[in-house]
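This report concerns only the one structure given below.
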Amino acid sequence: MVPSNEANRSSEENNFDEVSGNSSLGNIVKNSSSSVRVSGSSNTYRRTIGGVASSISNKSNATKSGRVPRARRMSLSLVRVDAWSVAKVTFLLSVAGGIIQVIAAGLIWLFLNMIGVFDQVTQIVSSTGLDSNGFNLADVFSLPTVLSAVTIFSIVEIVIITVLSAIIALLYNVVGSLVGGIHITLGDD
């Protein structure tokens with residue numbers, strides 16, 4: 001049985017959907033707050049994903065006795081992902097990518113205009129005799145035209161990437177239920 005010490009709990013707790021089996025550290029016990037504790041030989045540790053596992057009891061006794069704590073490892077399986085949360089995160093990352101694309105296209109256009117690429121291409125076209133109607137590349141690829149095209153492309157890209165990521169998450173859930181998901185081992189260094 002795992003001793004419960006509510007005062008020493010860290011404020012950073014992560015919830016798990018399923019907890020089963022034993023780990024190399026001892027028994028895994030799911031307490032009433034849906035967090036996971038791992039009980040080992042003489043210490044009880046709180047395991048968090050993305051946080052730091054902290055000792056709950058006998059932390060000072062382990063350092064006083066001169067024992068070196070051994071590295072802890074825990075095997076976990078990623079069996080299911082929430083498609084809605086994947087879609088939300090992918091949408092926000094796609095929006096950030098779209099903003100970066102628009103800014104990068106504007107900066108590249110300004111750079112090309114500063115070094116005179118558009119004027120040089122216009123002169124080359126005029127010197128070949130293909131200039132029948134006063135062709136000017138700077139008019140065809142003006143800054144508003146380029147930024148409008150990149151913005152439209154970014155919006156379409158945001159929609160496609162968000163929808164595809166949600167579909168991939170749903171497919172992963174189906175495959176994960178068939179084969180057991182992705183197995184990972186977390187360890188402290």
Side-chain angles (χ1 to χ4, degrees), residues 2 9-40 44-56 70-112 117 140-189:
V2 176
R9 285 191 178 165
S10 67
S11 62
E12 192 174 324
E13 291 183 70
N14 291 313
N15 296 331
F16 292 94
D17 289 334
E18 297 175 356
V19 176
S20 62
N22 293 327
S23 71
S24 62
L25 298 173
N27 296 327
I28 299 175
V29 179
K30 185 175 181 182
N31 63 14
S32 61
S33 67
S34 297
S35 63
V36 175
R37 291 185 182 211
V38 178
S39 62
T44 303
Y45 295 95
R46 174 172 300 271
R47 301 297 292 178
T48 60
I49 295 178
V52 176
S54 62
S55 173
I56 293 179
R70 60 186 183 135
R72 295 169 291 177
R73 303 177 102 196
M74 177 170 275
S75 295
L76 299 173
S77 297
L78 181 60
V79 178
R80 184 182 179 281
V81 292
D82 185 30
W84 179 244
S85 66
V86 169
K88 289 188 293 187
V89 170
T90 307
F91 173 75
L92 291 177
L93 290 174
S94 299
V95 167
I99 292 170
I100 291 170
Q101 286 177 354
V102 171
I103 291 172
L107 291 175
I108 290 171
W109 188 92
L110 289 173
F111 177 73
L112 292 176
V117 171
V140 175
F141 291 115
S142 65
L143 183 61
T145 305
V146 169
L147 291 181
S148 297
V150 171
T151 302
I152 291 169
F153 176 75
S154 296
I155 291 171
V156 171
E157 183 180 271
I158 289 168
V159 171
I160 290 173
I161 289 175
T162 303
V163 170
L164 284 178
S165 68
I167 291 171
I168 290 171
L170 292 171
L171 288 174
Y172 178 80
N173 289 339
V174 170
V175 172
S177 66
L178 293 174
V179 298
I182 297 175
H183 301 283
I184 57 173
T185 301
L186 301 175
D188 293 340
D189 290 335

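Numbering starts at 1 and runs along the sequence shown.
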To check you understand the geometry: which heavy-atom pair defines the closest contact between [X] and [Y], and what is its length?
X	Y	result
Val150	Gln101	CG1-O, 3.8 Å
Ala169	Ala83	CB-CA, 3.9 Å
Ser154	Val102	OG-CG2, 4.1 Å
Ser94	Ile161	OG-CG2, 3.3 Å

Atom [atom1] of [X] and atom [atom2] of [Y]: how far apart are they, to the nearest 0.5 Å?
X	Y	atom1	atom2	value
Asp188	Arg73	CG	CZ	10.5 Å
Leu178	Asn173	CG	CG	11.0 Å
Leu171	Leu164	CG	CG	10.5 Å
Ile152	Leu147	CD1	CG	11.0 Å
Leu143	Trp109	CG	CH2	5.0 Å
Lys88	Leu93	NZ	CG	13.0 Å

Task: Check: Thr90 side chain, Ala87 main-chain N or O, donor-acceptor pair, under 3.5 Å - done: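 Not at all, since once roles are kept as given, no pair shorter than 3.5 Å links the two residues.
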Discussion item. I'd like to know if the side chain of Thr145 and the backbone of Phe141 have a donor-acceptor N/O pair within less than 3.5 Å.
Written reply: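 No, because the side chain of Thr145 does not come within donor-acceptor range (under 3.5 Å) of the backbone of Phe141.
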Which residues pass the side chain to side chain contact (heavy atoms under 4.5 Å, CB included) test with Val117, not counting sequence neighbours?
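Once residues adjacent in sequence are excluded, the partners of Val117 under the side chain to side chain contact (heavy atoms under 4.5 Å, CB included) criterion are Leu112, Ile115, Val121.
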request  = Count the heavy atoms of every other residue, nucleotide or ligand shown that sit under 6.0 Å from OH of Tyr172, and state whether that count exceeds 12.
outcome  =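 Yes - once you tally the heavy atoms of other residues, nucleotides and ligands closer than 6.0 Å, there are more than 12.
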query = Checking side chain to side chain contact (heavy atoms under 4.5 Å, CB included) for the pair Leu186/Leu76: CA distance, chi angles, key distance, verdict?
reply = CA-CA 8 Å; Leu186 301 175; Leu76 299 173; 3.5 Å; yes
May I ask you to test the Val174-Leu170 pair for a side-chain heavy-atom distance under 4.5 Å?
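Not in contact.
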